[in-house]
Amino acid sequence: MRQASLLVLLLVGSACARLPEVQANDNRKPAGQLSGDTLTLRLVVQQGRWHPEAPDGPHVDAEFLAEEGGPPQVPPPLIRVPTGTIISVNIRNATADSTVWLHGLYTRPAERHDSIGVRPGESITRTFAAGQPGTYLYGANAGIVDEDNLEREQMVGAFIVDSSGATPNDRVFVMNVWGEKMKEEVDPSLPSFVSSPYSNAVTINGKSYPYTEPMEATTGDTLRWRWVNGTIRPHPMHLHGFYYTVHSRGSVRLDTAYQSGSTRSVVTEVMLPFTTMSMSWVPDRDGQWLFHCHIAFHAIASDAKLQPTRDHEHMKSGDPKEHMAGLVLGINVKPAVGWKPEERSNPRTLRLLVQEGPKLGRSPRSMAYVIDHGSSSPEPITRVGGPPLILTRGQPTDITIINQLKEPTAVHWHGLELESYSDGVAGFSGHPGRVAPRIAPSDSFTARLTMKRAGTFIYHTHINDLEQITSGLYGALIVREPRDVFDPSVDHVYVVGWDGDALNIPISLLVNGDSIMPPMTWRPGGAHRIRLINIGPATLVNVKLLKDSTLMTWKPVAKDGADLPANQAVNRPAELDVYVGETADFLFSPPQRGEYTLTFKSDDKKSVPRSQRIIVR
């Protein structure tokens, strides 16, 4: 194996010969020369030195793509042309000993994927029509990718075909990963969630947070974004404080645009490996917000860095630049002239205690949210996870969080359209000069919530995420209509988390805070609402509803708290993959009396499924 090109060189100022510096590509400028209806593009695969974090920080020496005569780039040079363009691209392999495999250089849509090998020193030319408008990807790889020990996805970039006559008014973002298992021993004295054995460059447009490009917007703007997942990992992309509209989903071969009336509003949308998405959103409130991958390992300093953070105190820091990293964008929304925040009056008030109790299950610690009813002796913590909070649409609600832990915490109100200062990202939410603090031990913070719609949401910690979430700092947040009464006999909430710290393998799921789900009796006749929430630190959860071995049907009605379009709210097989940070609502009318089974299974093949017997009588 070509060890010299595959190692992370962590000591800046190495005595090795200086390689060309890799440039972070913001995907604003298309590559090549467009003359008439033909794009001529000359690319080269070469060695380079990449600083995905600070310019003087740790670096990667590896293979990268560049335009001939220009710097190597991550992601690779943007291919962007109008439909009808003929693309002539020459690729030269300037590496000394690596056959490079090229992907995605063909007309779209394509019936099958095609790849081309280019030997060291060889140069080839591909000429093809761009094809139909859409968001696609292309790229190259040198050597073998081993998901358990190394990843090499630094040479995957965006390929955009615009409609004829269109003027691009969007931004393009590409996610890339370079990583490998380190040879150094993990310090056994540290908790596993700050002892990652991996060194990772996890980037958006070539940079890892806090070095990702800060986004700027004004209230009322329409932001149009195209996203490319250039990695072998899924990424559930979560927007704080707002919904976004998904306009199309694609892959390396094709792109499918949703017709009017079929677009979905989401706060979290999973991007599977090597897929694309076009989206738009309109910020109607000012403040600082985040857009990030909700898989914890892709957004925290203990895993998404070349030199993983090993200082446990940094994970508890109120500075997001210390405990966050990787696939994170910060967005500063400024108020438009004359814009004013909505007025609030007569808020309902709640008090939420954050406590630690005796160890439960495999988790290293047990933490919980407890509603303060004024008792001098709160109820003991007997299960993982917090109680469901039942709030009312349109009723302003102030929740005072009282931290009774021995460490700081913060609470994010996942999916709610609220003011920025209350969003729950310590050291970031709010405005420059006035950001929300971390909630110190024995201190408190009041979040001012606004519920603009009824639906299924989540509240969870947003500091020291891996430890605090796997220890139980999460819960369901249900917003009902003003005249509705929440009836748990027909409204069933399932919150899926993990039992054990984030590096315990195999993954052990908890459903509603327990590994054992007692049987439930449901009444026949009428519809039951099933609310599914996945708030584990990683992995999807496959949920099925069966009678004996027969898969039932149910009617999806909402995603992330937003009602689905009418043409999607139709009966379908009762099976769904729920990714991290997603919620989904279904209506199920038992077709007959008898026994049914609701199952929950992680995509970890060694994970033990959880199930609940449902008796309809």
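Remember, predicted model here, so these are calculated numbers, not experimental data. When reading the values below, keep in mind they use all heavy atoms of this one structure, side chains included, and skip hydrogens, waters and symmetry mates.
Taking the six-membered ring for Trp and the full ring otherwise, the centers of His414 and His238 sit less than 6.0 Å from each other. Aromatic rings of Tyr369 and Tyr474 (six-membered ring for Trp) have centroids beyond the 6.0 Å cut-off, not under it. Annotation: His235 is not in aromatic contact with His292 [ring centroid separation under 6.0 Å not met]. Checked against the 6.0 Å centroid criterion, the rings of His462 and His240 qualify as a close aromatic pair. Ring centroid separation for the pair Trp225 and Phe291 comes in under the 6.0 Å cut-off.
In this model, no donor atom of one side chain and acceptor atom of the other lie less than 3.5 Å apart for Asn205 and Glu213. With hydrogens and angles left out, the side-chain atoms of Ser429 and Ser420 include no donor and acceptor closer than 3.5 Å. With no hydrogens or angles considered, a side-chain donor-acceptor pair links Asp585 and Thr456 at under 3.5 Å. A donor-acceptor pair shorter than 3.5 Å cannot be found between the side chains of Glu356 and Gln404. Counting only N and O atoms by type, the side chains of His431 and Asp286 include a donor and acceptor under 3.5 Å apart. Counted by atom type alone, Ser602 and Asp604 present zero donor-acceptor pairs between their side chains at under 3.5 Å. The closest side-chain donor-acceptor pair between Arg351 and Thr400, if any, does not fall under 3.5 angstrom. Of the N and O atoms on the side chains of Arg365 and Ser471, not one donor lies less than 3.5 Å from an acceptor on the other residue.
Here the side chain of Asn403 pairs a donor or acceptor atom with the backbone of Leu405 at under 3.5 angstrom.
Ring pair His59/His51 is tilted by interplanar angle, where 30° to 60° counts as tilted.
The cationic atom of Arg529 (NZ for Lys, CZ for Arg) does not lie both less than 6.0 Å from the six-membered ring centre of Phe586 and within 45° of the ring axis. For Arg434 and Tyr421, the positive end sits near the middle of the six-membered ring, less than 6.0 Å away and at most 45° from its axis. Relative to the ring axis of Tyr494, Arg610 does not place its NZ or CZ within 45° and under 6.0 Å from the centre.
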- Task: Kindly determine whether Arg224 and Ser280 satisfy side chain to side chain donor-acceptor pair (under 3.5 Å), including the steps that lead there.
- Result: CA-CA 4 Å; Arg224 296 177 176 87; Ser280 68; 5.8 Å; no
- Task: Please report the C-alpha distance between Tyr209 and Leu327 in whole Å, then the side-chain angles of each, then the deciding distance to 0.1 Å, and finally whether the side chain to side chain contact (heavy atoms under 4.5 Å, CB included) criterion is met.
- Result: CA-CA 7 Å; Tyr209 186 84; Leu327 302 181; over 6 Å; no
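Between the CH2 atom of Trp413 and the CD atom of Glu419 there is a distance of 12.5 Å, given to the nearest 0.5 Å.
Ion pairing of Glu342 with Lys452 is present here, as a side-chain N (NZ or NE/NH1/NH2) and a carboxylate O approach within less than 4.0 Å.
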